[in-house]
Amino acid sequence: MTLNVGVIGVGMIGREHINRLANTLVGARVVALADVDAKQAEAVAAGLPGAKVYPDGEALIASPDVQAVVVTSWGPTHAAYVLAAIRAMKPVFCEKPLATTAEACLSIVEAEIASGRHLVQVGFQRRYDKGYRALKKAIDDGAIGAPLMIHCAHRNPAVPEAYVSDMAIVDTFIHEIDALRWLIGDDYVSAQVLKPRNTKHTHARLDDPIIVLLATKNGVRIDGEVFVNCRYGYDIRCEVVGEEGVASLPEPESVVLRKEAKLSTTIMQDWKLRFIDSYDVELQDWIEAAKAGKVNGPNAWDGYFAAVTADACLEAMHHGGVAEIKTATRPKFYD
Ligand code: NAP
């Protein structure tokens, strides 16, 4: 069976996902598109035989031709579309964030539980990255004993002027927030944000770099550097220190050159290239799960937990001190 997918939002990541659904992955076809900019949707549909453009996301979700939904529109629109997909009992893959407030994420959790089916997957693609999976396996296999500390860094070469301080948490560090919690199977209890002196490459509305400190229920301490004007490349680093050893995220594959008395490898510049394979694995997994009737990737609870953690990071960043991370009780539905 081929899964008939409708995509809401044909911006940058929307077009990437449409391209992989249509040309790279197997078992799905894009039959429906919607975007606030109908012309853009029409332009994308022109390259997709049989795809129909709907006047809005709600109409797309309601269409009997659409079996499953991908939400890649602007963040503030996500919650309404995900709730509509749940009401229609259709599997929905929603790019992060699941919703822009923790309350809205919780309402999705409640709606999904009330539906009685696991329908929602959130686009935290690092869980599908080969390197992160190998790192998790080493931890789960007990190779380094119980984790004690994690040191990590999220570095981008540069960001545009429109990128402001809050985005370092809600757009950038949000990926660490989800990936690290999944990596060690532990939940966060508090957050703190330290601000070293700013790089000369930043602007008035962006503190760069920052260091996010997280503490977990089991007492693991995490320090995460976010440095989005680091200049040299897109570099994701993660080192987990355990009782018996240390496990590090492998470097992405790259040829090592020995030339002119130097040993060198290339460092990527573009985050899309760093995670391109994981997006493919993520969406292929979602297609199979949606066809089987039960979505099984990062779920609505994970989206909610990430939102609560991001809120605490923002509180700590704006007001200083240590912010407590307090969530609702995890429902058995997500065990
Ligand atoms: P983008 O290029 O701005 O695309 C968003 C698209 O959604 C635009 O075409 C926008 O139209 C459209 N849109 C806005 N409101 C809509 C509505 N009510 N109904 C339907 N479409 C609507 O943004 P993007 O970079 O693709 O990001 C989209 C989402 O994906 C964001 O939530 C972002 O955080 C997430 N994302 C995730 C990753 C990841 O690594 N997992 C990477 C990139 C992005 P207009 O341009 O006309 O407003």
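Everything quoted here is computed from the prediction, not taken from an experiment. Just so you know, ligand 1 is whichever comes first in the structure, and atom 1 is the first atom listed for that ligand. Counting from 1, the numbers follow the sequence of the chain as shown.
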| Salt bridge check: are Lys130 and Asp277 linked by an N-O gap of less than 4.0 Å? | no
| remark: Sorted by chain and residue number, the residues with a non-hydrogen atom under 4.0 Å of ligand 1 are Ile8, Gly9, Val10, Gly11, Met12, Ile13, Asp35, Val36, Asp37, Thr72, Ser73, Trp74, Gly75, Thr77, His78, Tyr81, Glu95, Lys96, Pro97, Gly123, Gln125, His175, Trp271, Tyr279
| message | Between Arg126 and Tyr132, is the side chain to side chain donor-acceptor pair (under 3.5 Å) condition met? List the steps. | response | CA-CA 7 Å; Arg126 287 207 193 166; Tyr132 271 102; 2.9 Å; yes
| task | Kindly write out the residues that satisfy side chain to side chain contact (heavy atoms under 4.5 Å, CB included) with Ala28, not counting sequence neighbours, or none if the list is empty. | result | Leu3, Val5, Leu21, Ile287
| remark: Across all chains, not counting sequence neighbours, the side chain to side chain donor-acceptor pair (under 3.5 Å) partners of His318 are Asp166
| Between Phe227 and His154, ring centroids under 6.0 Å | no
| salt bridge (charged side-chain N to carboxylate O under 4.0 Å, His left out) contacts in which one or both residues fall within residues 138-157, not counting sequence neighbours | Lys136-Asp140, Lys137-Asp141, Arg155-Glu225, Arg155-Asp235
